[in-house]
Amino acid sequence: MKSGDRIIEIGAGTGRYSHALAKQGYAVELIESNIEVFNKNTIHGECVTITQGNALDLSAFADETYDVVLLLGPMYHLYTEHDKKTALSEAIRVAKRGGTVFVTYIISDACVVLGGFVRKDWDIFEFIENGMVDPESFATHSEPKDLFELVRKEDIDDLMRDFDTTRLHYVAINGITSFISDAIDNMDEAMFELYLKFHFSTCERKDMVGMTHHALDVFKKD
């Protein structure tokens with residue numbers, strides 16, 4: 001990103017990213033309570049505007065307007081292929097040609113391992129019985145009542161296949177961090193800096209990107 005870039009964040013939440021990137025920015029958020037917090041945290045003179053809206057309908061925004069588009073959350077809560085592709089299509093539509101789009105997802109396998117086998121936050125046998133986890137492939141199935149949609153990289157690749165874009169990066173945001181959180185909490189500064197170096201050196205390795213709670217897909221609009 002460079003000075004003067006126009007940025008839109010779709011699903012801005014309380015504005016953590018929008019405030020940090022306030023350079024001719026526009027934010028769209030669905031939840032009114034989040035908008036209230038966003039506005040309270042807005043600094044005088046900050047070049048960012050927020051409006052209530054929906055990731056599935058950005059008709060208030062013109063085609064090819066923004067240099068950078070952030071879709072960092074809405075894909076967590078969209079459960080049908082139609083809705084997912086609609087949100088992606090709208091994000092790509094408002095991006096300038098050559099503009100960069102950032103999209104995040106929740107990845108299923110890390111959730112199955114940590115939630116079902118390690119922390120046992122939920123009963124994996126019950127999830128299998130209810131059809132939420134396949135007993136052979138361990139792929140997951142989510143519905144709106146489950147709050148979060150869990151996917152795999154191949155699902156993301158399938159979604160993106162019909163769009164005129166070029167992938168720049170596919171990043172394991174957390175990587176193994178969630179699995180060794182106790183060890184990380186006990187690291188001294190030198191060890192933590194070394195761990196960060198390890199993480200950044202491996203977070204895009206194809207043999208490691210599947211085991212992460214969150215993934216970031218970065219692509220440009222052709």
Side-chain angles (χ1 to χ4, degrees), residues 9-14 16-17 29-31 33-34 37 55-56 70-85 87-88 102-160 167 169-187 191-192 194-218:
E9 182 176 9
I10 305 159
T14 57
R16 176 177 297 182
Y17 298 112
E29 169 57 28
L30 178 65
I31 308 301
S33 59
N34 284 342
V37 175
L56 302 179
L70 306 179
L71 191 66
L72 307 179
M75 303 302 284
Y76 300 171
H77 309 292
L78 300 177
Y79 300 89
T80 67
E81 181 179 355
H82 175 269
D83 283 353
K84 292 172 186 176
K85 286 191 172 181
L88 288 166
F102 297 76
V103 187
T104 55
Y105 298 86
I106 301 177
I107 305 302
S108 63
D109 292 303
C111 294
V112 170
V113 172
L114 197 61
F117 292 108
V118 181
R119 293 180 181 168
K120 299 179 182 178
D121 298 323
W122 36 267
D123 186 338
I124 191 168
F125 293 102
E126 181 180 335
F127 275 42
I128 290 173
E129 184 178 344
N130 292 339
M132 295 176 64
V133 175
D134 185 276
E136 300 300 326
S137 67
F138 289 88
T140 58
H141 172 73
S142 306
E143 297 179 356
K145 65 179 177 58
D146 305 315
L147 187 59
F148 293 107
E149 168 74 327
L150 311 180
V151 299
R152 286 174 165 170
K153 183 177 180 293
E154 54 260 40
D155 302 319
I156 300 169
D157 292 342
D158 286 342
L159 286 173
M160 295 303 301
R167 178 172 281 158
H169 301 279
Y170 182 85
V171 182
I173 297 175
N174 315 98
I176 64 168
T177 300
S178 300
F179 300 95
I180 61 169
S181 57
D182 290 341
I184 292 173
D185 288 343
N186 289 312
M187 288 179 181
M191 183 65 77
F192 181 64
L194 189 62
Y195 175 73
L196 285 180
K197 184 177 180 180
F198 167 81
H199 174 68
F200 290 132
S201 72
T202 59
C203 64
E204 292 191 63
R205 267 180 39 186
K206 292 182 179 180
D207 60 336
M208 295 185 71
V209 294
M211 195 54 65
T212 183
H213 274 83
H214 299 84
L216 173 67
D217 198 16
V218 184

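A quick note: this is a predicted structure, and the numbers were derived from the prediction, not measured.
For the pair L88/M160, a side-chain contact is recorded, criterion being any heavy-atom separation below 4.5 Å from C-beta on. Between T212 and V171 there is no side-chain heavy-atom pair separated by less than 4.5 Å. Counting only heavy atoms from C-beta outward, the side chains of I156 and I107 approach each other to under 4.5 Å.
The distance from the NE2 atom of H199 to the CZ atom of F192 is 10.0 Å, given to the nearest 0.5 Å. One finds the CG atom of D155 at 6.5 Å from the NZ atom of K84 (value rounded to the nearest 0.5 Å). We find the CG-CD distance between L159 and E81 to be 6.0 Å, quoted to the nearest 0.5 Å. Atom CG in L72 sits 5.5 Å away from atom CD in E9 (nearest 0.5 Å). Taking CG from D109 and OG from S137, the interatomic distance works out to 9.0 Å, rounded to the nearest 0.5 Å. Annotation: the span from N174 atom CG to T177 atom OG1 amounts to 6.5 Å, rounded to 0.5 Å.
Classified by interplanar angle (parallel below 30°, tilted 30° to 60°, perpendicular above 60°), the ring pair H213/F179 is tilted. Using a 30° and 60° split on the angle between ring planes, Y195 and F198 fall in the tilted class, from 30° to 60°.
Side-chain atoms of T202 never come within 3.5 Å of backbone atoms of R205 as a donor-acceptor pair (strictly under, hydrogens ignored). Not a single donor-acceptor pair under 3.5 Å links the side chain of T140 to the backbone N or O of M132.
Contact detail for R167 and K153: the closest heavy-atom pair is NH1-NZ, 3.4 Å. The minimum heavy-atom distance between P74 and L71, with the atom names listed, is CG-CD1, 3.7 Å. Nearest heavy-atom pair, Y76 versus H214, reported as atom, atom and distance to 0.1 Å: OH-CD2, 3.3 Å. Scanning both residues, A55 and I10, for their nearest heavy atoms gives CB-CG2, 3.6 Å. Across S181 and R119, no two heavy atoms sit closer than the pair OG-NH2, 4.0 Å. For R152 against S108, the heavy-atom pair with the smallest separation is CG-OG, 3.4 Å.
Within a 6.0 Å radius of CE in M208, other residues, nucleotides and ligands contribute more than 12 heavy atoms.
Applying the ring pair (Phe, Tyr, Trp, His ring centres under 6.0 Å) test to pairs two or more places apart or on separate chains, those with a residue in residues 137-157 are H77-F148.
Scanning for salt bridge (Lys or Arg N to Asp or Glu O under 4.0 Å) contacts around D158 gives R161, with sequence neighbours left out.
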